[in-house]
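All chains are named by letter (A, B, ...) in the order of the sequence lines, taking the proteins before the strands, and each is independently numbered beginning at 1.
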Number of protein chains: 4
Amino acid sequence: AGVFCAQDYEALAAKALAGATMAYIAGGAGRDQTLDANRAAFGQWSIWPRLLRDVGAGHTRLSLGGPALAHPLLLAPVAFQTLVHPRGEIETARAAHATETCMLASTLSSFRLEDIASAGGPTRWFQLYFQPSRDATLALVRRAEAAGYGALVVTLDAPIQPASLRALRAGFRMPADCVPANLAGLPAAPATAEPGDSRIFQGMMRTAPGWDDFDWLRAQTRLPVWVKGVMHPDDAAQFVQRGAAGLVVSNHGGRSLDGAPASLRALPAVRARVGKGTPVLFDGGIRCGEDVFKAMALGADAVLIGRLQVYALAVAGALGVAHMLKLLREELEACMALAGCATLADIGPDCLLPKPA
Amino acid sequence: AGVFCAQDYEALAAKALAGATMAYIAGGAGRDQTLDANRAAFGQWSIWPRLLRDVGAGHTRLSLGGPALAHPLLLAPVAFQTLVHPRGEIETARAAHATETCMLASTLSSFRLEDIASAGGPTRWFQLYFQPSRDATLALVRRAEAAGYGALVVTLDAPIQPASLRALRAGFRMPADCVPANLAGLPAAPATAEPGDSRIFQGMMRTAPGWDDFDWLRAQTRLPVWVKGVMHPDDAAQFVQRGAAGLVVSNHGGRSLDGAPASLRALPAVRARVGKGTPVLFDGGIRCGEDVFKAMALGADAVLIGRLQVYALAVAGALGVAHMLKLLREELEACMALAGCATLADIGPDCLLPKPA
Amino acid sequence: AGVFCAQDYEALAAKALAGATMAYIAGGAGRDQTLDANRAAFGQWSIWPRLLRDVGAGHTRLSLGGPALAHPLLLAPVAFQTLVHPRGEIETARAAHATETCMLASTLSSFRLEDIASAGGPTRWFQLYFQPSRDATLALVRRAEAAGYGALVVTLDAPIQPASLRALRAGFRMPADCVPANLAGLPAAPATAEPGDSRIFQGMMRTAPGWDDFDWLRAQTRLPVWVKGVMHPDDAAQFVQRGAAGLVVSNHGGRSLDGAPASLRALPAVRARVGKGTPVLFDGGIRCGEDVFKAMALGADAVLIGRLQVYALAVAGALGVAHMLKLLREELEACMALAGCATLADIGPDCLLPKPA
Amino acid sequence: AGVFCAQDYEALAAKALAGATMAYIAGGAGRDQTLDANRAAFGQWSIWPRLLRDVGAGHTRLSLGGPALAHPLLLAPVAFQTLVHPRGEIETARAAHATETCMLASTLSSFRLEDIASAGGPTRWFQLYFQPSRDATLALVRRAEAAGYGALVVTLDAPIQPASLRALRAGFRMPADCVPANLAGLPAAPATAEPGDSRIFQGMMRTAPGWDDFDWLRAQTRLPVWVKGVMHPDDAAQFVQRGAAGLVVSNHGGRSLDGAPASLRALPAVRARVGKGTPVLFDGGIRCGEDVFKAMALGADAVLIGRLQVYALAVAGALGVAHMLKLLREELEACMALAGCATLADIGPDCLLPKPA
Ligand SMILES: Cc1cc2nc3c(=O)[nH]c(=O)nc-3n(C[C@H](O)[C@H](O)[C@H](O)COP(=O)(O)O)c2cc1C
Ligand SMILES: Cc1cc2nc3c(=O)[nH]c(=O)nc-3n(C[C@H](O)[C@H](O)[C@H](O)COP(=O)(O)O)c2cc1C
Ligand SMILES: Cc1cc2nc3c(=O)[nH]c(=O)nc-3n(C[C@H](O)[C@H](O)[C@H](O)COP(=O)(O)O)c2cc1C
Ligand SMILES: Cc1cc2nc3c(=O)[nH]c(=O)nc-3n(C[C@H](O)[C@H](O)[C@H](O)COP(=O)(O)O)c2cc1C
């Protein structure tokens, strides 16, 4: 079985990994409804082929406020990468370096953010989860600044993460040695349940961040603060007003609220609400270059690659991730060429046609 | 096979019960068209995730006119529960008690309504079927009053109940010892077919109640009289005008008119017609917390749980029912938390997005 | 395997008949696209349940211009019934008699129209196919008049009948003894193909009737002349203007133009065009009482039963057809009762709700 | 397994050809999304049956600017036909001759265009691919003129042709002896990749033609120049303005941009934009006469037959192609007759009804 397209790493990963591990990675929250919706949403759009356009000087360069990027494919934050490869995020960082890709290191990485930084290229962002105490959160921020991360991406869509029924049924349990290296030594949230308390409301949600925490975070750092997990346009507008550097339209790859709309469905509404001024990234369900093209046409400035990254890492480490990114980039370029788009700026809503109902 | 979500009791029940019994319970009238529509209707809606909302003081309390309820999950009236568990409704009543759940005891229960009342908690309603004679109906009402039931829920959508082809094909026959304990001693409807008469019109429908019977019933009792089985908004308006305490939008779980719309489809129209003043309950196809959330967003004040109740009862008696309710409630709370709703009052139409056609 | 509903005769017929014969009867023209569309169209509509309506005096009587009919189920014209039962149309006629059903005898019956008349009840219509010569057509009309048929139903939608691929692939060939008894002795159409001629246009369509033939036919007889096979509202209007007694909206059960719309799709448009004055019958895809109800709600005054008739005949002769009709009628009555309709006149568009896309 | 309709050659070809070869021919680019959309689009439309229309003088003749054609079925340009039959295009040309069909010879034919011309009938067009140098392109044009081709059809939708994953997975490789006979001796495009260059933009697309090349081509020849591969109405308008003789609405049978709309979807928009004056051909997904009818109703003057041609060639050479064309033509005629259309001019949008969503 050769690798003819970026998505081919999916089937290979399914062979390389234990069934339960694959279920955990591939699955979504609950019944996979949002996971499936994410994929299905791409099928709602067709791409207009255009003829005789001159794309000989074409390229995929862009800037997201920082240094120029060679292409709009970013590596999504993915926790605990030793789950699929012994050198986990270190390999991913090397692949990012080799392919001039911006990598988002997760708060929950298997390796320390400083080690990931040393292994990788110049463009790296840090994905932040709020910690139960502001001190702990601040400690992470300071370390990310020190390690040269160029932006903070605070993920807000998973204050609780409903279990994946697929993973549960497959018997998945996180291996004992999969621990968040960055959090070593940080205090755990104190348990304070009282009789009659809800395990959800007074339990898990008790230490969840609020709008004031977001404002506080922004005030602590000069790094641009992006927000990951935005779906509703009203939330998007709030974040822009409160000074977010940019938004990532995402439903956590279907791993948070099962029943949430496809992220591609939310994308045009968010873009319409925030206007041209705010950079908007997107993730959720991207498996091929045409998917990337559609997301850009519907308002994304660039996209994050989640599961494809994990699959390639599982199959062939840094080499796999680099190869997957190269394939995906060429798929995007071929799509651009046939759609008559020489640059990312040429990709707009006019390039698409909604499928009939 | 563990139980990871409320619906997991369905598969376990399918193993625990005889095939024919399972077919009878799981099936709908006729070809299961309404049964299937009930489930499919939930798939037409997505739930907006919302970020950074403060739900730390969240809860699921509500009042339906009587004493406060801890949560909006009621146990739907289900006939003949000894079909799946030797202690039938007694077990269900205990589970209701333990989980602070309002139970609706069916006219057609395997145990007498008085026995169910003694076994259960403080919140219980009585589901009434009109009997062929007003005397017989009145006798039931008086007994329900005496046994401390807090409301009457008169079910009107099944004057005839077309057979379930699934159950027939599976060879289901109601066991001889499954008899309606409450009706012992009450007169049966006299058979008066004449040549040329229709078995339906002049037969089964001859003793079906009319609007005057509803008015009569209301005049007999001080208990609030709810109507179960309302689908058409015009009927809903009539009942409100004639003094119904509240409505249950329901198509009997797809067990009455096969071809009726999904009950979820009728819900917003009924709510729109009766306005905010009238309490509206809902049932039909609820299998997980997100379903409950959607029903509440589309206009329900609370929901009834039918088959899930039976499945859990079949698998593990009172413990099963209580466990199922606990799971379902937590699923609802998790969904509320991720949708940014701290209380039931926060759940409204704005929380949903219709799926694309 | 018992018979629990009218459609159960379908599965039994599939066992009773040779595979090729079943394919011929069950199949449609070409790829079965219209056949499948006919069935699917019923799924586009739901039926509103209504409560507390008084239907104790309900009935299904109607009149179509002639003597009152006990119910709105007519037996569609079906050719060559000895294909499935040795006594073919004779059995069908007996069943019609026993169930007070109006039978439409096909021009292409295995028995002579006179013999069918003697075997059957008082209500019978004759389905006419135009013959290559007007003399031959007129001879059939006179015989039908003489045999007491109460109306002529001229079928116009099958001047050519594209082969059923399903039947061809199953190897079906019409048995040599299946011949049109009514046409014995009538001249065959002269073959006059010239080189370069189209087998379709100058061949099969050469002797197809035109509007003048329809006018001529009406002028020849005092019998009411119905038209079967009307789909387009413009054609419907033309026939009414030219004096048709009534219309049968039909696409020949999907056996003529493969790709034609579902007949149920055409029905409301035809009814809207011709208004209330003209009786409109319907056939195509009816398999249960709810289907009958939907057709009546969308504009039909009564319906024809095609394949169900053949299946029941194949399984159990006259008894089968009578039993099937009894079941279907009860299914309709139960549906009427639950939809709150005491008479056919109560069944209207307001009884239905379109399914969401 | 007999051949009962034109499409039956598909299943026979699947048996006659090696699996990998069949995958290459049947497959589309990438994931077959456009390929599948092409087929599915026909299912979105129904055809109105019409009654009593006089089609006895019916025919399928048309003119596309040149000599009259007997029917609107043209043989699409298909490269390398020795892949499926040793005498490849020679056989196809013979079939075209025998059935009075216009054949479009591909630039990439296995035989020289002069040999195809000698083998075929009077009506032949030449499908042109722009060559890396204008000299090479001009050489092809001159040869086509000399060999009596009546029109040039320049295909513009495949400057790059993304691989078919189906073919790759089936292990397909073009056999070494499948070479473009017409291009023998023509210079290959010089490879000039520089470090950092995109294989797509600066590689494959570097020598792709532009609008100036199209203008240049038109100026070189008196032959009418058609454009094949038009999908977007804006491109269509441009070509008309720049003097294209006609357009072929096509997405290369789903073999170019995977994700492009169904060609049938683009057809009405193109027709609406260019108006009645410009001849518009269509291809993509046609498998039966009803498909041809629908394409004509939605704006096509005639259609090209791609894969059906290859399948019939693979199964039975010239005889197969001729038989397939005969079947397809009769399917079209039967459809016209039942839709009440005596000539192609009678086939219009009013003949169709969109399917409900
Ligand atoms: C195994 C796994 C772990 C993830 N861990 C994180 C994480 O630590 N932080 C985060 O913000 N998102 C996390 N995500 C979500 C991804 O960043 C991303 O939003 C999602 O995978 C995009 O969807 P896709 O997988 O369909 O591309 C994770 C996703 C997966 C599959
Ligand atoms: C086995 C069974 C018995 C039922 N018996 C009654 C009954 O006695 N009275 C009544 O009003 N509804 C009865 N129902 C309907 C339920 O109260 C409820 O409306 C329905 O089950 C809700 O749909 P669900 O099962 O999808 O939750 C019954 C349903 C089932 C499945
Ligand atoms: C086997 C068979 C033979 C038929 N023969 C005739 C016929 O002779 N004359 C006619 O007008 N319609 C004929 N029809 C069409 C029926 O009258 C009727 O329109 C159709 O069967 C209705 O669809 P249904 O079978 O789904 O009920 C025939 C249908 C079948 C299935
Ligand atoms: C095997 C194969 C080879 C083809 N080669 C060419 C070609 O050389 N030039 C061209 O313009 N189109 C080519 N096409 C596209 C066809 O001309 C046509 O657009 C397409 O096949 C129509 O779709 P259909 O196959 O569904 O009928 C080819 C198609 C196939 C299947």
Subject >> Enclosure of B:L319 CG (heavy-atom neighbours >12, cutoff 6.0 Å) >> reply: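 No.
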Original post:
Does B:A119 have any side-chain contact (heavy atoms from CB on, under 4.5 Å) partners at least two apart in sequence or in another chain, and if so, which?
Top reply: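 So B:A119 forms a side-chain contact (heavy atoms from CB on, under 4.5 Å) with B:I90, B:A93.
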Original post:
Taking every heavy-atom pair that is under 4.5 Å apart, which of A:P209, A:P354, A:A37, A:A40 has the most such pairs with chain B?
Top reply: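 Looking at each of A:P209, A:P354, A:A37, A:A40 in turn, A:P209 comes out on top.
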Subject >> Most contacts with chain B, counted as non-hydrogen pairs under 4.5 angstrom, among A:L168, A:L156, A:L165 >> reply: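 Going by pairs under 4.5 Å, I would pick A:L168.
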Geometric donor-acceptor pairs, no angle filter, chain A-chain B, under 3.5 Å:
| unit_1 | atom_1 | unit_2 | atom_2 | d |
| --- | --- | --- | --- | --- |
| A:R31 | NE | B:Q7 | OE1 | 3.4 |
| A:R31 | NH2 | B:Q7 | OE1 | 3.0 |
| A:R169 | NH2 | B:D8 | OD1 | 2.4 |
| A:R169 | NH2 | B:D8 | OD2 | 3.4 |
| A:S198 | OG | B:E333 | OE1 | 2.5 |
| A:R199 | NE | B:E330 | OE1 | 3.1 |
| A:R199 | NE | B:E330 | OE2 | 2.8 |
| A:R199 | NH2 | B:E330 | OE1 | 2.8 |
| A:Q202 | NE2 | B:G56 | O | 3.1 |
| A:Q202 | NE2 | B:G58 | O | 2.9 |
| A:D235 | OD1 | B:R50 | NE | 3.3 |
| A:D235 | OD1 | B:R50 | NH2 | 3.1 |
| A:D235 | OD2 | B:R50 | NE | 3.2 |
| A:D235 | OD2 | B:L51 | N | 3.0 |
| A:G259 | O | B:I47 | N | 2.8 |
| A:R265 | NH1 | B:P354 | O | 2.8 |
| A:R265 | NH2 | B:P354 | O | 3.2 |

**OP:** Answer with side chain, backbone, both or neither: which region of B:A57 has an atom nearer than 4.5 Å to a non-hydrogen atom of chain A?
**Re:**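 Just the backbone, heavy atoms under 4.5 Å.
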Original post:
Under a 4.5 Å heavy-atom cut-off, does chain A meet the side chain of B:C341, its backbone, both or neither?
Top reply: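 For B:C341, backbone heavy atoms alone lie under 4.5 Å from chain A.
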Original post:
If you count heavy-atom pairs under 4.5 Å with chain A, which of B:G56, B:C335, B:G58 comes out on top?
Top reply: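 Greatest number of close heavy-atom pairs with chain A: B:G58.
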**OP:** Between chain A and each of B:A339, B:A70, B:C288, count heavy-atom pairs under 4.5 Å; write down the option with the most.
**Re:**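 Top count of heavy-atom pairs under 4.5 Å with chain A: B:C288.
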Original post:
In terms of heavy-atom proximity below 4.5 Å to chain B, should A:F239 be classed as side chain, backbone, both, or neither?
Top reply: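 Answer is side chain: those atoms of A:F239 sit under 4.5 Å from chain B.
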Original post:
A:A260 versus chain B, heavy atoms under 4.5 Å apart: side chain, backbone, both or neither?
Top reply: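 Both backbone and side chain.
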Subject >> Minimum heavy-atom distance between A:G229 and B:L51, given as atom pair plus value >> reply: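 Scanning both residues, the minimum pair turns out to be O-CD1, 3.7 Å.
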Original post:
A:I160 and B:L338: which non-hydrogen atoms are nearest, and at how many Å?
Top reply: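 Where A:I160 meets B:L338 most closely, the heavy atoms are O-CD2, 3.7 Å.
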